[in-house]
Every structure is written in structure tokens, then in C-alpha cells.
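Predicted, not measured: the structure shown is a model, and the values here were computed from it. Residue numbers begin at 1 in each chain, while the letters A, B, ... track the order of the sequences.
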Amino acid sequence: MTVYSHIYDIVRLIPSGRVATYGQIAELAGLAGKARLVGYALYQVDMASSDIPWHRVINAQGKVSHSPLRRGTDHWQRSLLEQEGIVFHEDRVDLAHYRWHPPLGRFPSPEDPR
DNA sequence: AGAGTGACATATT
DNA sequence: CAATATGCCACTC
């Protein structure tokens, strides 16, 4: 596979009702500073039939990132988040309140098997 | 092999 | 607030 498999592993850990930012995921995945790769990785995900909670990843401004390539799925993302109880305030969520904090201790990383 | 692109982030103007 | 600039790197011609 690709380096993205690990990104997906991290995203899968985000619980319902919480969100994470691209940069945050990148860092947890051992890709600090490479947030763009996270966005690219999620773009590859099959939104309809994937076990990855892709909608819980938003940008550092607390907003849903949109792009012409998404063809309206950005609204779909917001919808899913609201279903989980996340409240948007002026097109933005309060990261201080909803940001996911990963489990403490060691984290699975490619360089750190077991 | 080189250039362009992008679900980003941060800093600056 | 919005527009730029720069760093980042896998992917696609």
C-alpha cells in the first residue's frame, strides 16, 4: 500500500462527536508538517462505503475544507458532524471544545512497531 | 525527469 | 476579514 494507510489508522480512532485537524492527524501519523498529505489521503477515501470517519477531519480554522473537486460533499460532511452533536457557529466549530485528544502514551507509528 | 497540483498550516500584509 | 507567500510531498501528466 502507501504511506496513507497509517493516516487512515489514526483517523479511525477519532470518536463520534469529536473532530481533528489535518495537521493534528499528520503529526500523530509521524508526518509532522505534511498536513497536505492527509487531505490528499482522505480525498482517496470512498466516502460512501468506507469504515473511515473522514468527516471528522477539518482544517485548523475549525471549518470544513471545500474544494471544487469535492462536488458538494463538503455539505455532506457538515451534515454528518451535526448528526453527531457538533454545533456549527458561523460555518465553524469550536475546536477548543470539540477537538479530539488522542489516547495518552505511546502511539502506533511506522517507526515504532510495538 | 521536471512541472504542476492540492480535503493543509502558519505567517505576513 | 481576505489575499499572498512559503514549506511540505505524493501523485499525475
Practice task
Look at the aromatic rings of Trp54(A) and Trp76(A) and report parallel, tilted or perpendicular, splitting at 30° and 60°.
Solution key: perpendicular

Exercise for the section: In whole angstrom, give the distance that lies between atom NE2 of His75(A) and atom C1' of dA7(B). Expected result: 17 Å

Handout entry: Among dC11(C), dA7(B), dC9(C), the nucleotide that comes nearest once only the side chain of Leu37(A) is considered
Key = dC9(C)

Exercise for the section: Whole angstrom is fine here: how far is it from OH in Tyr43(A) over to C1' in dT12(C)? Expected result: 12 Å

Handout entry: dT6(C) phosphate, OP1 or OP2, under 4.0 Å from Arg36(A) side-chain N/O
Key = no

Problem - Presence of salt bridge, Arg78(A) and Asp91(A), under 4.0 angstrom - result: yes

Problem - Ion pair Glu84(A)/Arg18(A), N-O distance below 4.0 Å - result: no

Problem - Distance in angstrom units between Glu27(A) CD and dC8(C) C1', rounded - result: 14 Å

Handout entry: Under 3.5 Å donor-acceptor, Tyr4(A) side chain and Leu42(A) backbone
Key = no

Practice task
Determine the contact category for Arg78(A): base if any of its heavy atoms lies under 4.0 Å from a base atom, sugar-phosphate if only primed atoms, P, OP1 or OP2 are that close, otherwise nothing.
Solution key: nothing

Exercise for the section: Give a yes-or-no answer on whether the side chains of Arg56(A) and Gln77(A) include a donor-acceptor pair shorter than 3.5 Å. Expected result: no

Handout entry: Separation of dA9(B) P from Asn59(A) CG (nearest whole Å)
Key = 5 Å

Practice task
Return no unless some side-chain N or O of Ser65(A) is found under 4.0 Å from OP1 or OP2 of dC8(B).
Solution key: yes

Exercise for the section: Identify, between Gly33(A) and Gln44(A), the residue whose nearest nucleotide on DNA chain C lies closer to the 5' end. Expected result: Gly33(A)

Problem - Pairwise 5' ranking along DNA chain C for Ala35(A) and Arg92(A), keeping only the more 5' one - result: Arg92(A)

Practice task
Name the nucleic acid region contacted by Leu69(A), choosing base, sugar-phosphate or nothing; use a 4.0 angstrom heavy-atom cut-off, strictly under.
Solution key: sugar-phosphate

Exercise for the section: Check every strand shown and say whether Gln77(A) touches a base, only sugar-phosphate, or nothing at a heavy-atom separation below 4.0 Å. Expected result: base

Completion exercise
In whole angstroms, the gap separating C1' of dC9(C) from CD1 of Ile7(A) amounts to 11 Å

Practice task
Would you mind classifying the nucleic acid contact of Thr21(A) as base, sugar-phosphate or nothing, using non-hydrogen atoms under 4.0 angstrom?
Solution key: sugar-phosphate

Fill in the blank from the handout: In whole angstroms, the gap separating P of dC1(C) from CD of Gln61(A) amounts to 9 Å

Handout entry: Any donor-acceptor N/O pair under 3.5 Å between dA7(B) base and Tyr22(A) side chain
Key = yes

Completion exercise
Between CD1 of Ile25(A) and C1' of dC9(C) the distance, given in whole Å, is 18 Å

Handout entry: Atom-to-atom span, CG of Leu28(A) to P of dC8(B) - whole angstrom
Key = 18 Å

